[in-house]
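What's counted below: heavy atoms across the whole structure, side chains too, no hydrogens, waters or symmetry copies. Order of the sequence lines sets the chain letters (A, B, ...), proteins ahead of strands, with each chain counted from 1.
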Amino acid sequence: MAHKAKQRAPAMSRELTSLCLENQTVPVALDQFQAKPKFGTRAARWAWRGFKSSARADDLVLHHWTKANEQFTDYFYARFNAQTKPYAYTDDEYGQCIEPLGGGWTRAETDYLLRLCAQFDLRFLVIHDRYYSHPDCPGAAVAPDRTLEDLKARYYAVGRALTQHRAGADDGDPEDVPLQATNKLADDLELLRFDKDKELERKQHLEALFRRTDEEIEEEELLVAEARRIEASERRLIHEREALLQAHAMFEEVPASAIGPPLKVQFAQTVEPGLASPSATPGAESGPKARRGSAPEGPGDAATPRPLKKQKSLHGVATPQRGRPAGSSHKAQARASPGAGLLGPPLPPSALAWSSASPGRGLGPRSERSDSPPQFGVPTFSTEDHIVKPAVTVVDAPEIGPITVPARDARLGPGVFLRSDKLFPISKSRLDAVNQFMGQLSLSGPHTIWPRPVMVTAAVCDRFDSLQATILPLLDYKKVADKLETEIQVLRARRRMLVAELGAQRAEAILDKLPPPAPLPDHAHDRSASPGSGGAAHQRKGSTAGSRKRSSA
Amino acid sequence: MKAGKRMKGVVISKPIIYGNIATELLSRKTEHTHKWTVFLRGPNEQDISYYIHKVEFKLHETFVNNNRACKSPPYEVTETGWGEFEIITKVYFPPASGEKPISLYHMLKLYPPDTPGQSWPKGKPVSNFFYDELIFSEPTEEFFAMLTKGSGGPEVPLASPEGHAFS
């Protein structure tokens with residue numbers, strides 16, 4: 001060690017080296033003066049005494065030091081001299097309670113067993129080992145073949161029978177100490193319980209456990225870890241599921257009057273199959289449509305939406321069922337322009353403006369009012385004090401049950417609320433994005449609808465909620481579309497570079513050799529049609545989202 | 001308190017307007033610069049007292065008796081001051097309804113908004129209203145009767161007439 005140190009730092013003097021680089025010196029604790037502790041008491045007197053133990057059968061006297069003033073009760077460790085009291089029965093008892101037990105045990109064998117138990121202090125392994133194999137045992141023509149469990153079973157059965165019998169008999173043997181301090185028969189019997197089958201099973205299990213192979217042990221550990229992981233994330237999963245269901249439920253039941261079918265289509269994009277919920281809204285779509293509606297905050301998986309297809313099917317389904325003339329879409333389009341008053345121009349009461357407009361619109365609620373007096377006879381909501389009749393009214397529409405309150409309200413529960421409190425909440429992280437979007441729609445100035453509509457009537461609230469509900473998936477899709485577009489750009493650039501390197505002809509040759517590109521899956525189509533990437537369709541329809549996207553792209 | 005049976009699936013909404021008006025005090029006797037009134041009323045001067053039992057306005061602590069209660073219309077409080085603070089308007093409903101009181105929050109606005117290029121004419125009151133709707137979900141039968149009976153005064157018509165621009 002010193003050698004190495006010297007080599008590493010030859011410049012230092014030897015004394016310095018020894019100081020710094022050798023073993024560090026240990027700080028020495030100086031001797032501190034400690035006075036001898038003083039006790040107030042005088043020293044106790046001890047005496048050399050002889051004692052006897054109750055645990056011994058003889059009269060041996062041993063000696064030890066005890067305090068002079070202590071009385072001698074018993075040797076302290078005599079209490080550990082536990083002794084099992086063997087069972088002893090008379091012939092009568094045998095005849096009365098033990099013989100009826102049966103089980104193929106003769107009197108002689110039972111006696112032998114009990115003798116062994118007494119001799120070996122209930123150590124059954126030894127007893128079993130010696131059973132009829134030790135030269136001491138009584139001669140038997142055939143040595144019975146008893147397993148350990150058999151012996152135990154027999155012993156405990158005898159014990160139970162005897163305890164039962166003796167407890168019943170009034171003239172108890174005074175020396176017969178009950179096993180349990182509670183003096184209760186049930187407890188004693190409990191102590192003598194022995195289930196042979198269970199014992200065998202238990203031993204088998206232990207054997208199997210002992211003889212597990214390494215693979216099995218590994219497998220078990222993996223399973224346990226997996227189970228623990230599932231349990232840990234269970235709470236989170238449940239929470240997510242709840243949020244999802246809630247988000248879905250909220251918008252399945254928004255009355256269709258405030259949201260035209262194309263909007264429903266928008267929802268249907270992120271549908272989760274099987275998320276049916278009974279929608280009792282009067283203006284609600286027919287059954288299948290309502291079932292397909294779901295929250296815009298759906299799984300957020302951009303690969304699933306298929307708006308084009310769904311729209312067609314929905315329209316196909318919807319129109320005959322509704323059986324109402326589709327209103328002109330012009331008004332709706334004009335209305336979709338931003339900043340138009342949300343209450344908009346009124347509708348001819350007999351028709352819903354059923355726009356067959358593009359799927360990508362996403363923002364154009366079609367009709368303001370669910371006034372469907374022709375069918376339902378009761379306006380569902382309006383801006384005034386109006387009572388919604390409870391579900392007593394019978395309605396002609398076959399697929400929709402009796403009219404009730406708009407389900408948005410049915411979920412409220414008892415109590416008083418402010419309508420402005422019940423708007424669809426937006427998480428804080430998305431608030432800014434939505435705010436910005438609203439600004440682009442020029443809706444974020446004061447006295448418009450952001451962050452809270454000025455006039456929170458029912459219709460306004462529904463529209464507002466639907467608006468928000470569409471903006472959020474819109475932003476999601478936009479993000480995805482942007483990502484894809486940048487990817488495409490990057491790939492295109494790469495391709496250009498590669499082609500430039502190889503020379504055009506060789507590139508062509510390689511391209512020819514490559515298999516033709518797989519047909520684009522549906523979602524790519526849909527994404528291109530979605531509001532995220534402005535397509536030509538949007539240009540025509542003048543969708544705000546489309547135009548905004550194009551202007552920014 | 002044992003209220004009557006609640007009517008399932010019934011939802012009644014009542015519109016209200018709440019907020020404040022403030023005018024600048026031209027003669028400054030104290031350091032108070034504005035005279036303001038905070039109020040709660042029905043739209044179109046409708047009567048709302050038939051379903052409201054009491055309205056409590058909780059003002060800033062610096063006001064004497066900052067819990068001002070109004071048991072009958074007009075539900076308003078007029079005061080002078082110089083600061084803007086949050087007012088909590090607690091609306092109590094008749095005991096027959098079994099409903100808990102509901103609180104509305106808004107900022108007392110005294111100073112006119114900053115509009116660049118325009119100046120606020122002196123003496124013009126600054127108003128800050130909010131329209132909201134009280135939703136009574138599953139009211140008790142008694143309360144339902146009270147709510148539907150109405151006040152008998154002029155109310156917004158139930159059915160919108162055709163052709164009306166703002167219906």
Side-chain angles (χ1 to χ4, degrees), chain A residues 280-281 341-350 368-369 371 373 377-393 401-423 445-447 449 452-461, chain B residues 3 5-18 42-44 46 48 50-52 89 91-93 97-105 113 115 128-140 143-144 147-148 150-151 155-167:
Chain A
T281 53
L342 278 175
L343 294 181
L347 279 179
S350 58
E368 268 64 35
R369 315 242 298 187
D371 55 314
V378 147
T380 52
F381 48 84
S382 55
T383 57
E384 317 84 17
D385 303 356
H386 192 73
I387 307 150
V388 182
K389 294 222 182 318
V392 184
T393 347
I403 301 306
T404 63
V405 182
R408 122 179 85 73
D409 291 339
R411 267 177 299 104
L412 280 180
V416 192
F417 312 95
L418 272 180
R419 210 185 276 285
S420 54
D421 284 341
K422 292 287 165 183
L423 297 172
H447 291 295
I449 62 159
R452 175 199 113 119
V454 173
M455 298 282 294
V456 275
T457 57
V460 168
C461 272
Chain B
K5 207 169 78 84
R6 284 194 175 269
M7 311 182 66
K8 280 249 158 231
V10 174
V11 167
I12 299 185
S13 60
K14 297 281 187 190
I16 49 169
I17 296 189
Y18 63 97
N44 292 346
Q46 275 177 46
I48 51 174
Y50 61 96
Y51 61 87
I52 289 186
T89 309
V91 182
Y92 290 80
F93 302 103
S97 67
E99 301 283 2
K100 290 222 249 331
I102 188 168
S103 297
L104 316 167
Y105 303 86
T115 40
N128 178 30
F129 302 164
F130 295 96
Y131 170 89
D132 218 322
E133 293 187 353
L134 292 171
I135 307 182
F136 300 97
S137 175
E138 298 185 9
T140 60
F143 199 37
F144 180 76
L147 287 168
T148 50
S151 65
E155 290 199 10
V156 187
L158 292 184
S160 66
E162 277 190 40
H164 185 89
F166 298 108
S167 61

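Nearest approach of B:Asp132 to A:Arg419, heavy atoms of both residues: OD1-N, 3.5 Å.
One distance of note links CD of B:Glu99 with CZ of A:Phe417; it measures 8.5 Å at 0.5 Å rounding.
Residues meeting the side-chain contact (heavy atoms from CB on, under 4.5 Å) test with B:Ser103, sequence neighbours left out: B:Ile88, B:Lys90, B:Tyr105. For the ring pair (Phe, Tyr, Trp, His ring centres under 6.0 Å) test, residues two or more places apart in sequence or in another chain that qualify with B:Phe143 are B:Phe136.
Side-chain contact between B:Leu134 and A:Leu418 is present, with heavy atoms from C-beta onward closer than 4.5 Å.
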